[in-house]
There are 2 protein chains.
Amino acid sequence: MPDGAPKKTSRIQKRNRRLILEAALDVFSRHGYRGATLDQIAAEAGLSKPNILYYFDGKEDIHVTLLSRLMDTWLDPLVAMSPQGEPVAEILSYVQRKLNMARDLPRESRLFANEILQGAPRIAPELTGHLKPLFDEKCALIAEWIAQGRLPSLDPQHLIFSIWSTTQHYADFESQVRILMGPEEDPHARASAHLRRMFEAMLRV
Amino acid sequence: MPDGAPKKTSRIQKRNRRLILEAALDVFSRHGYRGATLDQIAAEAGLSKPNILYYFDGKEDIHVTLLSRLMDTWLDPLVAMSPQGEPVAEILSYVQRKLNMARDLPRESRLFANEILQGAPRIAPELTGHLKPLFDEKCALIAEWIAQGRLPSLDPQHLIFSIWSTTQHYADFESQVRILMGPEEDPHARASAHLRRMFEAMLRV
DNA sequence: TCGTGCCTTTACCAAATGGTAAAATTTAAT
DNA sequence: ATTAAATTTTACCATTTGGTAAAGGCACGA
């Protein structure tokens, strides 16, 4: 049914690729690209190293595949920010979705953080090709809201940066947050309330 | 004059240790702990690898020494937040100092970010011993300001997290920021203005 | 059941890497 | 200048790591 070459991936192929990517997400997000080893990934996937290299062309291939596949999930909340909604509500729920993501998908957050920290050597093209257009589109949307007087005058680009940094902080710097906050009953709830208040204050016309 | 063992470090020893730490800061901040190699550090310091191991006990020793030495510099702006000043002004200038630091010392920022991302395996003690008491002290100060009605009710801990994340973002995620912003005349000035407005709004009683 | 092609394992390898031993050289106090 | 200590280089080494070759096992349609 698909284009070009017909049915390509067998059932077992699909399962093993999934196992490998799941293990790789774990290992890469914990140790970074160069700190991760194929042996670790293989052990965690329950496969042998050569078997892993049967499914992927090499370490870099696994890493790039991971990053590309997760990019969509990662950008979902931003995509969901809609011109139809009420500006303040749209932005505030974007903040909440992003914060939930940091809580539910911390490995993904750290994977990206690691890659960007190293200068984005392997996903720069993806950033330019996918993220940049989406970013520009949403900045334009915010600018339009401002022009319509539905938001106070603010810098769309840096607003988005602030949303990204404050929310992802809880995933990327989790070990520091844990040390500084001590045992907490519900850290997420407090972070959520704080960010809501902060961005509400900023978005008041 | 100092305690215990008298003059220990010779002139040449001081120079070489400085060269090594400078090179190590560069390499570690670009590639992370496991991604950095002693050969790279040696080459960048203009020394041979065994010569480096004459001055430090090993790779980890260099890394830990770096982190400990930079910790003080890194926390300076927070230390400077004073009970004597006016609350809003104190916090706003803390934000500015922190942002300037991200601009002037991006390597230091990335070094710490890398370490925290990996779970702070080598500076957890330093965080518990030095950062935590300072953090608690400043949170208490902010809480007092709130109790005195000089600041609106807000969460001191998460306020500090927000300041850290938004400012350090420009150092740690610099490659992404550059891709998304394109060539900019003065990126720092816009970021500075944005953060000032954001925290001003939040701190209005 | 037979055989063809997909999958997996065993046995490797070359390069990179953290680290060491010890000889050679330089520095600096006398 | 002499000498003892500090510094630097040369020549290694063991381990780790990404990756490969090739043989063996397995599934599944005819």
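Chain letters run A, B, ... following the sequence lines, proteins first and then strands; every chain starts at 1. Computed from heavy atoms alone, side chains included, the values below leave out hydrogens, waters and symmetry copies.
- For the pair A:R34 and C:dT17, the criterion of a side-chain N or O lying under 4.0 Å from OP1 or OP2 is met.
- Between B:Y54 and D:dT8 there is no side-chain polar atom (N or O) within less than 4.0 angstrom of OP1 or OP2.
- You'll find that the side chain of B:I12 is closest to D:dT7, out of C:dT27, D:dT7, C:dT17.
- Protein atom NE2 of B:H31 is 12 Å distant from nucleotide atom P of C:dG18, rounded to whole Å.
- If you take NZ of A:K14 and P of C:dC7, they are 12 Å apart, rounded to a whole angstrom.
- Here A:Y55 lies in heavy-atom contact (under 4.0 Å) with sugar-phosphate atoms only.
- Between A:F161 and A:F135, the gap from one ring centroid to the other is short of 6.0 Å.
- No engagement by A:A42 is indicated, since no non-hydrogen atom pair under 4.0 Å with the nucleic acid exists.
- Between A:Q96 and A:L92 the shortest side-chain heavy-atom distance does not fall below 4.5 Å.
- Salt-bridge check for B:D186 with B:R190: failed, with every basic side-chain N at 4.0 Å or more from each acidic carboxylate O.
- Per the geometry, CG belonging to B:L19 stands 14 Å off P belonging to D:dT7, to the nearest Å.
- In this entry the distance linking CG of A:D61 with C1' of D:dG19 reads 13 Å, nearest Å.
- Between the CZ atom of B:R15 and the C1' atom of D:dT7 there is a distance of 10 Å, rounded to whole Å.
- Of the residues in residues 44-53 of chain A, those lying under 4.0 Å from DNA chain D by heavy-atom distance are A:K49, A:P50, A:L53.
- Side-chain atoms of A:R110 come within 3.5 Å of backbone N or O of A:A171 as a donor-acceptor pair.
- Between the CG atom of B:L131 and the CE atom of B:M71 there is a distance of 6.0 Å, given to the nearest 0.5 Å.
- Look at CG on B:L38: it is 21 Å from P on D:dC12, rounded to the nearest Å.
- Distance B:Q40 CD to C:dA15 P: 19 Å, rounded to the nearest Å.
- Within the 4.0 Å cut-off from OP1 or OP2 of C:dC7, at least one side-chain nitrogen or oxygen of A:Q13 is found.
- Remark: B:N16 is in phosphate contact with D:dT8, judged by side-chain N or O atoms under 4.0 Å from OP1 or OP2.
- The interatomic distance linking B:R11 (CZ) with C:dA28 (P) rounds to 5 Å, in whole Å.
- Counting only heavy atoms from C-beta outward, the side chains of B:W74 and B:M101 approach each other to under 4.5 Å.
- Using a 4.5 Å cut-off on side-chain heavy atoms (C-beta onward), B:N114 and B:Y33 make no contact.
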